[in-house]
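Along the sequence shown, residues carry numbers from 1. Everything numeric in this text was worked out from a predicted model, so none of it was measured.
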Amino acid sequence: MNQTDAAESADRLLRSARWMPNSDAKLQLVERAVRLADAENDEELAFDARLVLTETAAMTLDSNKRIVSFAWCLNRFEQEPDRFARGAYSLMWWFKGVGEDMARFPRISREEIEQVHTRMERIYQQHDYGLRPVYASLLDVALMVGDKPAADSHYEAWKSERKDGMNDCPACETNRALEYLVLREKHKAAFRKAAPNLDGRQQCGSGDTFQRTVVQLLRPLVLDGDDQQADELQQRAHGQLRRPTVNLCQAAVHMAHLTHRDDRVKALRVFERFLPRALDPPAPDQQLRFYLASEVLMRRLATTGRSRKMRLPRSFPLYDESGSYRPAELADWFEAESRQLIQQFDRRNGNDFYSREVPKQYVY
C-alpha cells in the first residue's frame, strides 16, 4: 500500500467513524485509522485521527486512551502551531476534562497535572479565549483529590469568569456545580440547582445528563431523609445503565443505593454486569469506587451466612467453576484491593481524603 492509499484508507475510516454512536466499536475503528496514518508518517492525518480518538475516548469514558492521544496532539501542536492550526479549536475543546482524567491515575503526580493546566491557560490566552474552562478543570481536579480550600477558590473563579465559545453546556455546568455543592455538604442548594437537569429543561449532547445528575443526588437525598425521591430517581435512571456512556463510578452509586434499600437482587445484577469492566478498568479511580460499593454489597449478602450463586468472569481472581461464592470472602478481597488503591491516591494527593471520605460515599 502506498502513502496515498494508506492516507485515503485512514481518512475513510475516520469518515465512517463520524456517523457511529460513541462505543467501543467506534473507538477501535478510530484506533485503526491512527495506526494507518502513523504507518505512512502522515502527521497531519495522524493529528486529526488522534483528535477524533480523544473525543471518542472522552465520550466512552476511556480516560487512559484519552490522555495518551491528547498528549500526542498537544505536544505536536505546541511544536508547530501553524502546521496544526486547523485543529486548534478541537484541541482546546477537548483539553477540558483532561486534568480530571489525569487525577484518576495515582501514578500521575499533582505537579504533572498542574503543568498541564499551565499549558492549557497559555494556549487559551494565545487564542483569545477566557479562562473559564481552565478554572473548571482546576475545580474538577480539586474535587477529585478532596482539596476543599482549592475547590472553594476555583469554584468562585469559575463562576466569575466570562463565558465564550469554549463554555460548557448549561447541563454540564450544573453537574459541576452539583459536585461542588455536595462535597461542601450544601444539599438543599444542590437539590435546587439540579432541577433543570432532572426535568429535562437542560440536556447535554452526550445524552447522559439525567444519569450524571441522579448519581450525585442519591446519597444526599437519603441523608436528608428523602428516601422516596431517591428511590424514584434511581428507578428512572436504572434503565440507562446499559448505555455505553455509563461508567463504573455511576454503576457503583446505583449498587450502593440498591444495597442501602436492601434490594439485593438488583444490586447483584449491577455487580455482575459491571465487574468484568472493573477488572480491566479505564482508570484506577473508577475501579476503586466500584470495589468499595462491591464490598458493601458483599458484606450485606454475608449476613445470611450462606454461599450464593453468582455469574462472575473467569478473569476474576476468586473465580469458581461451580459459580458458588461466600460473600464474606469476596468482601475481604474487595476490601484488600481497595485499601491498596486508597493508599496510592492518598500518597499522591498528600492528604487522607480517599481513606477518610471516599469509602463513606458508598455507605448510607
Going by an N to O cut-off under 4.0 Å, is there a salt bridge joining [X] and [Y]?
X	Y	value
Arg299	Asp332	yes
Arg264	Asp262	yes
Glu80	Arg76	yes
Asp11	Arg15	yes
Lys309	Asp320	no
Arg132	Glu173	yes
Arg35	Glu31	no
Arg261	Asp231	yes
Asp101	Lys65	no

Evaluate the side-chain proximity of [Y] to [X]: yes if any heavy-atom separation is below 4.5 Å, no if none is.
X	Y	answer
Arg12	Ser9	yes
Ser90	Leu51	yes
Asn175	Glu179	no
Pro327	Leu297	no
Leu178	Thr213	yes
Gln250	Gln240	no
Tyr354	Asp285	yes
Leu74	Ile123	yes

[X] atom [atom1]: more than 12 heavy-atom contacts under 6.0 Å:
X	atom1	value
Arg306	CZ	no
Phe47	CZ	yes
Arg83	CZ	yes
Gln79	CD	yes

For Leu139 and Tyr180, what are the C-alpha separation, side-chain angles and deciding distance, and is it a side-chain contact (heavy atoms from CB on, under 4.5 Å)? CA-CA 8 Å; Leu139 172 58; Tyr180 169 77; 4.2 Å; yes

I'd like to know if the side chain of [X] reaches the main chain of [Y], judged simply by a donor and an acceptor atom lying under 3.5 Å from each other, with no hydrogens or angles considered.
X	Y	value
Arg277	Leu248	no
Asp199	Arg201	yes
Arg110	Asn349	yes
Arg348	Ala103	yes
Ser160	Ala157	yes
Glu112	Ser109	yes
Arg219	Lys360	yes
Gln211	Ala237	yes
Arg104	Ala283	no
Thr209	Cys204	yes

Under a 3.5 Å threshold, yes or no: a donor from one side chain and an acceptor from the other, between [X] and [Y]?
X	Y	answer
Glu121	Thr118	no
Asn247	Arg289	no
Tyr325	Glu329	no
Gln202	Asn197	yes
Gln234	His260	no
Ser355	Asp346	yes

Is the gap between the ring centers of [X] and [Y] under 6.0 Å?
X	Y	answer
Tyr129	Phe95	no
Trp333	Phe316	yes
Phe334	Tyr291	yes

Both conditions, 6.0 Å and 45 degrees, for the charged tip of Lys96 above the ring of Trp94: are they met here?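 No cation-pi geometry.
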
Does Arg176 make a cation-pi contact with Trp158, if we ask for NZ or CZ under 6.0 Å from the ring centre and within 45° of the axis? yes

Indicate if Leu183 and Val145 have the same hydrophobic cluster label, given that clusters are the connected sets of ILVMFWY residues with side-chain heavy-atom separations under 4.5 angstrom.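 Yes, because Leu183 and Val145 connect within a single hydrophobic cluster, where side-chain heavy atoms sit under 4.5 Å apart.
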
Are Tyr319 and Leu279 linked, directly or through intermediate hydrophobic residues, by side-chain heavy-atom contacts shorter than 4.5 Å (ILVMFWY only)?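 They do share one cluster, since a chain of ILVMFWY contacts under 4.5 Å joins Leu279 to Tyr319.
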
For [X] against [Y], the heavy-atom pair lying closest together:
X	Y	value
His257	Ala230	CE1-CB, 3.6 Å
Arg162	Gly130	NH2-N, 3.2 Å
Ile113	Gly99	CG2-O, 4.2 Å

Checking Arg18 against Val52 for the side-chain contact (heavy atoms from CB on, under 4.5 Å) test, could you report, in this order, the C-alpha distance in whole Å, the side-chain angles of both residues, the deciding distance, and whether it holds? CA-CA 8 Å; Arg18 293 185 192 280; Val52 178; 3.7 Å; yes

